[in-house]
Amino acid sequence: MVVVARRHQHAHLPRRRSGHTTSVTIGAELFCLTANQRDDGSLGEVFIHWGKHGTSAAGLVNSYAVALSLGLHHHVPLGELIRPGLDQLFVPNGHTDDPEIPRVRSAVDYIARRLAIDWLPHAERAELGVYTLTERVHQASTWITACELAARRSAPQALRGGWR
């Protein structure tokens with residue numbers, strides 16, 4: 001029996017990359033999330049800066065960014081990488097200054113939601129339960145309209161004595 005061992009290949013990013021940096025305040029803490037893309041436009045790497053260099057907090061978010069980036073380099077789907085971070089609860093948490101994500105349960109929750117909104121198609125985000133504030137308002141108004149229509153249809157039946 002011959003077994004051929006293949007070294008797992010990962011995608012190398014170009015020397016010069018396009019991307020964007022998002023600054024957000026969670027509670028009283030400022031975070032900077034930088035996301036760089038591959039040549040094909042997909043997410044390639046993530047950097048997160050928080051607090052003073054050398055502190056435990058800065059080291060932890062940097063390690064999270066490294067783990068995300070390594071997963072991306074090895075073609076792990078972004079949805080699978082961020083799923084564990086969604087709804088993680090720890091401080092800092094609460095209100096943000098991001099109008100699309102006004103409230104989070106933690107910095108990791110914010111990072112997962114921001115990456116999902118910026119890099120995943122709506123269908124994949126919906127599977128993860130990640131929506132912008134505008135999308136949530138639209139969902140709620142659709143639900144309210146449906147409830148009002150159902151109530152109007154039921155009202156004539158109640159008036160005829162159909163409900164007891």
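With contacts defined as side-chain heavy-atom distances shorter than 4.5 Å, the pair Ser69/Val46 qualifies. Side-chain atoms of Arg114 and Ile111, non-hydrogen and from C-beta on, never get closer than 4.5 Å to each other. Side chains of Leu72 and Glu45 form no contact here, defined as non-hydrogen atoms less than 4.5 Å apart. The closest side-chain heavy-atom distance from Gln37 to Trp119 is below 4.5 Å.
Contact record, Leu115 with Ala35: CD2-CB, 4.3 Å, taken as the closest heavy-atom pair. Residues Ala58 and His53 share a closest heavy-atom pair of CB-CA, 4.5 Å. Closest of all the heavy-atom pairs between Ala112 and Tyr64 is CB-OH, 4.4 Å.
Checking Asp109 against Gln88 by side-chain atom types alone, no donor-acceptor pair falls below 3.5 Å. Residues Asp98 and Tyr110 bring a donor and an acceptor atom of their side chains to less than 3.5 Å of each other.
Atoms CG and CD1, from Leu78 and Ile82 in turn, are 4.5 Å apart once rounded to the nearest 0.5 Å. Atom CG of Asn36 and atom CG of Leu43 lie 8.5 Å apart (nearest 0.5 Å). Between the NE2 atom in His122 and the CD atom in Glu127 there is a gap of 11.0 Å [rounded to 0.5 Å]. Going from atom CZ of Arg125 over to atom CG of Asp118 covers 9.0 Å, rounded to the nearest 0.5 Å.
Linking Ile, Leu, Val, Met, Phe, Trp and Tyr whenever their side-chain heavy atoms come within less than 4.5 Å puts Leu81 and Ile101 in one cluster. Under the 4.5 Å side-chain heavy-atom criterion for grouping Ile, Leu, Val, Met, Phe, Trp and Tyr, Val91 is not connected to Leu86 through any hydrophobic cluster. Put simply, Phe47 and Leu60 are part of two different groups of oily side chains (I, L, V, M, F, W, Y) that touch within less than 4.5 Å, one to the next. Val130 and Val108 fall within the same hydrophobic cluster, defined by Ile, Leu, Val, Met, Phe, Trp and Tyr side-chain heavy atoms under 4.5 Å apart, directly or through other members. The hydrophobic cluster containing Phe90 also contains Ile48, counting ILVMFWY residues as joined when their side-chain heavy atoms lie under 4.5 angstrom apart, directly or transitively.
Using a cutoff of 4.0 Å between basic side-chain nitrogens and carboxylate oxygens, Glu100 and Arg113 are not scored as salt-bridged.
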When the side chains of residues 21-30 are checked against the rest of the protein, which donor-acceptor pairs come out under 3.5 Å, sequence neighbours left out?
residue: Thr21; atom: OG1; partner: Thr34; partner atom: OG1; Å: 2.8
residue: Thr25; atom: OG1; partner: Asp97; partner atom: OD2; Å: 3.3
residue: Glu29; atom: OE1; partner: Trp50; partner atom: NE1; Å: 2.9

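A donor-acceptor pair under 3.5 Å is absent between the side-chain atoms of Glu124 and the main chain of Pro121, judged by distance alone. Arg105 contributes a side-chain N or O that, together with a main-chain N or O of Asp87, makes up a donor-acceptor pair within less than 3.5 Å.
For NE2 of His20, the number of neighbouring non-hydrogen atoms (other residues, nucleotides, ligands) closer than 6.0 Å is greater than 12.
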Would Leu128 and Leu120 satisfy side chain to side chain contact (heavy atoms under 4.5 Å, CB included), going step by step from the backbone distance to the final call? CA-CA 10 Å; Leu128 294 169; Leu120 292 177; 3.8 Å; yes
